[in-house]
Amino acid sequence: MALIRDELRSIISKALKNGLSLSDDFEPEIEIPTIAQHGDYATNSAMVLAKTLKKNPREIASKILEFIEAQNPDILERVEIAGPGFINFFIRSDAFSSVLPIIYEQGKAFGKTDIGKGRYVQVEFVSANPTGPLHVGHGRGAAVGDALARILESCGYRVHREYYINDVGKQMTILGRSLYLRYLEVLGKAIDFPEDHYRGDYMKDLAQKFFKEMGEKYLNTPEEEALPICTKYAAENILEGIKKDLEDFRVSYDEWFSEESLHRGGAVEKAIEQLRNRGFIYEQDGAIWFRSSLFGDEKDRVIVRSNGAKTYFAADIAYHWNKIERGFDTIINIWGADHHGYVPRIKAVVDALGLNPERLKVILVQLVNLLRGGQPVAMSTRAGEFVTLREVMEEVGVDAARYMFLTRRSDSPLDFDLELAKAQSSENPVYYVQYAHARISSLFEVGRERGVTLDLKKAMSNLNHLKEPQEIQLMKLLGEFPFVLRKSAEYLEPHRIPYYLHDLASTFHTYYNHHRILTEDENITQARLALAGAIHTVLKIGLELIGLSAPDKM
RNA sequence: GCGCCCGUAGCUCAGCUGGACAGAGCGUCGGACUUCGAAUCCGCAGGCCGCAGGUUCGAAUCCUGCCGGGCGUACCA
């Protein structure tokens with residue numbers, strides 16, 4: 001037993017091979033026409049081939065058609081050539097039910113594929129500086145990265161989730177000093193808190209905590225001695241908070257990678273050496289430059305300043321050298337769109353270090369435009385004006401927040417209105433999908449109370465009773481899931497999953513409102529229960545893929 | 001100035017990997033619960049797909065130019 005789409009693919013491929021002597025590497029495009037009159041599926045292969053074969057598309061189509069009919073496949077009702085050269089397939093209505101035994105056989109593994117073939121993929125995401133709590137923008141990156149990781153895993157990739165901690169540099173010094181000043185303030189000293197320091201209330205809270213643990217120990221310590229301690233304390237505490245936030249947002253990591261470890265271990269020098277050996281390093285005006293312009297960047301970049309200090313970019317070179325050394329087949333960086341100018345230079349780095357730059361994928365997640373009642377909310381970590389991810393989680397819930405983040409393409413800016421998210425919470429689309437799941441759970445519960453349970457053997461021999469158009473539609477949709485999942489992984493687009501789930505839930509709700517599942521006819525009941533159960537399974541799989549709960553009761 | 005992203009229904013967004021009449025949610029208005037969950041369903045209204053050219057059998061989709069919005073453009077991180 002195979003899915004209809006797979007069968008069609010092999011039928012078409014066979015016809016192309018036998019009829020047009022095409023090699024196997026031509027992948028026929030199979031789509032679902034928007035209009036039912038155009039069949040259940042259609043392929044544009046004849047028109048695509050018309051260009052290379054230099055023949056009339058309809059002529060090619062009729063050739064293909066001839067070889068399709070020669071196979072006499074039993075899933076086909078009929079095949080037609082239409083319009084400029086489409087081949088439309090009308091599937092026998094009793095063929096769609098083949099998806100149900102497959103779902104029951106595979107269970108939670110339904111939809112999984114091995115297109116990844118065990119390739120090792122790193123997904124680096126969030127990677128916010130440990131200078132303050134995560135805000136909503138980070139939440140979007142977290143939701144996208146985590147969903148993507150789950151999707152890739154279910155498509156046969158080996159996934160490594162990583163967070164890069166920028167625990168070095170000027171902002172760390174400022175962080176330490178911010179804590180130190182707030183600490184002195186707690187001890188009653190008058191302080192002058194600079195404009196460019198971290199002004200958020202969380203620093204005051206942290207100072208209180210610091211004071212409780214340390215007492216007045218650092219009151220009279222010289223500033224240069226106290227600062228490293230303050231920096232370390234602040235960074236560790238804030239990072240712990242970030243970890244907790246992400247954990248509560250249902251995001252997990254395999255590795256927390258410290259930038260500082262690169263400097264400490266000499267990796268930055270080694271990476272520069274790598275570039276130097278390859279001839280991409282030169283000195284000018286007392287600074288050390290990387291010839292990134294050779295690889296498509298608009299200009300060369302400084303990696304060691306004339307004062308001897310390494311730039312952030314130097315560490316990033318070392319970090320990506322490290323990634324390459326770890327043997328990832330694909331490196332995926334999920335960045336905020338404000339870093340887009342950085343893409344060419346980091347591509348240049350991997351290119352210069354000998355890795356095909358195609359193997360580095362940078363997903364730019366557009367900024368979250370936070371609104372409250374239609375009014376923009378200013379966001380600045382330093383000024384302490386922002387809405388944290390934790391506040392959003394608490395206000396609208398993890399499920400709703402994640403769904404909100406994931407129902408948009410990453411490269412589309414997102415308006416996130418807190419008032420709206422709260423006000424519409426009971427009509428939020430996320431509940432629509434979850435409701436379908438809960439409804440089916442409840443349905444089985446009612447069945448049990450009435451002594452009706454799904455008898456798989458019996459159900460499977462009664463699938464011929466599923467012939468209502470809505471039932472056909474549902475089975476067709478169920479069969480699409482593996483392909484949606486595959487495309488989602490292929491294009492690194494998690495938003496395809498929630499859209500699919502909404503479609504499936506919607507079709508089910510319609511069906512549910514028009515037909516009874518627990519009927520007087522035992523055979524029909526069994527068949528319909530099998531259908532409902534399969535939908536239940538796919539909804540659950542899909543919800544988990546994007547990190548949402550699949551409740552049995554709401 | 002240059003570069004990247006975005007512009008689709010009143011609002012928020014899919015469709016952008018060329019396919020056949022442009023979709024969904026919210027919102028408006030009107031209907032459906034003594035029967036498996038009404039957080040649901042059914043129906044009405046709503047569009048020069050930013051504008052103008054081009055490529056193609058075929059363009060919301062690709063190319064060029066323009067207009068609007070966002071972001072970036074450091075020997076900052």
Side-chain angles (χ1 to χ4, degrees), chain A residues 29 31 33-35 37-38 42-44 47-48 50-51 56-58 82-86 88 129 131 166 168-172 174 259 284-289 298-299 301-313 315-316 336-344 364 366-367 369 374 404 407-417 420 423-436 438-447 449-450 452 487 490-491 493 495-496 498-499 502-503 505-506 508-519 525 528-529 532 553-554:
Chain A
E29 200 61 43
E31 56 195 21
T34 44
I35 305 162
Q37 282 75 29
H38 292 151
T43 182
N44 61 359
M47 289 178 294
V48 174
K51 276 168 192 156
N56 182 309
R58 286 192 70 108
F86 287 101
N88 295 338
N129 292 351
T131 54
N166 297 122
V168 182
K170 201 167 91 185
Q171 90 276 6
M172 296 311 294
I174 293 176
E259 176 184 357
Q284 189 182 306
D285 305 330
I288 297 178
W289 298 70
E298 59 184 32
K299 53 176 277 198
R301 306 290 171 178
V302 167
I303 52 182
V304 181
R305 287 182 269 158
S306 50
N307 67 4
K310 297 182 185 71
T311 62
Y312 172 83
F313 184 49
D316 235 10
D338 53 342
H339 288 77
H340 73 259
Y342 216 72
V343 176
L364 295 172
Q366 285 292 330
L367 302 187
N369 201 7
M404 190 81 108
T407 45
R408 270 120 181 119
R409 294 172 61 87
S410 299
D411 52 12
S412 180
L414 162 60
D415 279 349
F416 195 118
D417 194 314
L420 228 59
Q424 295 179 354
S425 61
S426 64
E427 288 157 11
N428 192 307
V430 66
Y431 299 110
Y432 184 85
V433 176
Q434 292 179 321
Y435 184 59
R439 229 178 186 183
I440 297 171
S441 299
S442 164
L443 175 70
F444 276 87
E445 185 57 38
V446 171
E449 283 164 13
R450 296 184 193 172
V452 182
K487 289 282 182 196
E490 206 174 318
Y491 295 117
E493 292 179 346
H495 74 276
R496 290 165 183 258
Y499 276 94
H502 190 275
D503 196 7
S506 166
F508 172 72
H509 282 312
T510 296
Y511 172 59
Y512 185 89
N513 274 277
H514 289 87
H515 300 281
R516 296 191 64 76
I517 287 163
L518 303 172
T519 64
T525 301
R528 290 183 175 179
L529 275 178
K553 285 195 178 106
M554 297 173 64

[atom1] gap between [N] and [M], integer Å:
N     : M     : atom1 : answer
B:G68 : B:G31 : C1'   : 42 Å
B:U35 : B:U28 : P     : 27 Å
B:A60 : B:G7  : C1'   : 12 Å
B:A14 : B:G1  : P     : 29 Å
B:C5  : B:C16 : C1'   : 14 Å
B:G23 : B:G65 : C1'   : 30 Å
B:G58 : B:A22 : C1'   : 15 Å
B:C67 : B:C13 : P     : 25 Å

For [X], which contact category applies under a 4.0 Å heavy-atom criterion: base, sugar-phosphate, or nothing?
X      : answer
A:K487 : nothing
A:T519 : nothing
A:E298 : sugar-phosphate
A:N166 : nothing
A:A438 : base
A:A309 : nothing
A:L364 : nothing
A:Y342 : base
A:P413 : sugar-phosphate
A:E449 : nothing
A:N88  : base
A:T311 : sugar-phosphate
A:V304 : nothing
A:S412 : sugar-phosphate

Return the value, rounded to whole Å, for the distance between atom [atom1] of [X] and atom [atom2] of [N].
X      : N     : atom1 : atom2 : result
A:E31  : B:G19 : CD    : P     : 7 Å
A:N369 : B:C71 : CG    : C1'   : 12 Å
A:H509 : B:A24 : NE2   : C1'   : 14 Å
A:R409 : B:G70 : CZ    : P     : 21 Å
A:R439 : B:G37 : CZ    : C1'   : 6 Å
A:R496 : B:U17 : CZ    : P     : 11 Å
A:H339 : B:A74 : NE2   : P     : 14 Å

Between A:F86 and A:E31, is there a side-chain heavy-atom distance shorter than 4.5 Å? yes

Heavy-atom side-chain contact between A:P344 and A:E298 under 4.5 Å: no

[X] has a side chain; which of [options] sits nearest to it?
X      : options             : value
A:P84  : B:A24, B:G19, B:U17 : B:G19
A:V446 : B:C36, B:A14, B:A77 : B:C36
A:K299 : B:A77, B:U40, B:A74 : B:A74
A:Y499 : B:C13, B:G19, B:C75 : B:C13
A:H514 : B:C13, B:C41, B:C75 : B:C41
A:Y432 : B:G37, B:C71, B:U40 : B:U40

Kindly say whether, by distance alone, the side chain of A:D338 makes a donor-acceptor pair under 3.5 Å with the base of B:G72? no

Start at the 5' end of RNA chain B and walk down; is the nucleotide closest to A:L443 or to A:H495 reached first? A:H495

A:Q37 or A:L367, whichever maps to the more 5' nucleotide of RNA chain B: A:Q37

A:T510 side chain near B:C42 phosphate (N/O to OP1/OP2, under 4.0 Å): yes

Tell me which nucleotide, if any, is Watson-Crick or G-U wobble paired with [N] when both distances must be under 3.5 Å.
N     : value
B:U73 : B:G1
B:G10 : B:C26
B:C48 : none
B:U40 : B:A32
B:A20 : none

Can you check whether A:Y512 and A:F508 have ring centres sitting under 6.0 Å from each other? yes

Quick one: salt bridge (charged side-chain N to carboxylate O under 4.0 Å, His left out) partners of A:D411, sequence neighbours excluded? A:R409

Please state whether the rings of A:H502 and A:Y432 are parallel, tilted or perpendicular, taking 30° and 60° as the class boundaries. parallel

Classified by glycosidic angle (syn within 90° of 0, else anti), B:C5 comes out anti

Quick one: do A:E493 and A:Y499 satisfy side chain to side chain contact (heavy atoms under 4.5 Å, CB included)? Show the steps, please. CA-CA 11 Å; A:E493 292 179 346; A:Y499 276 94; over 6 Å; no

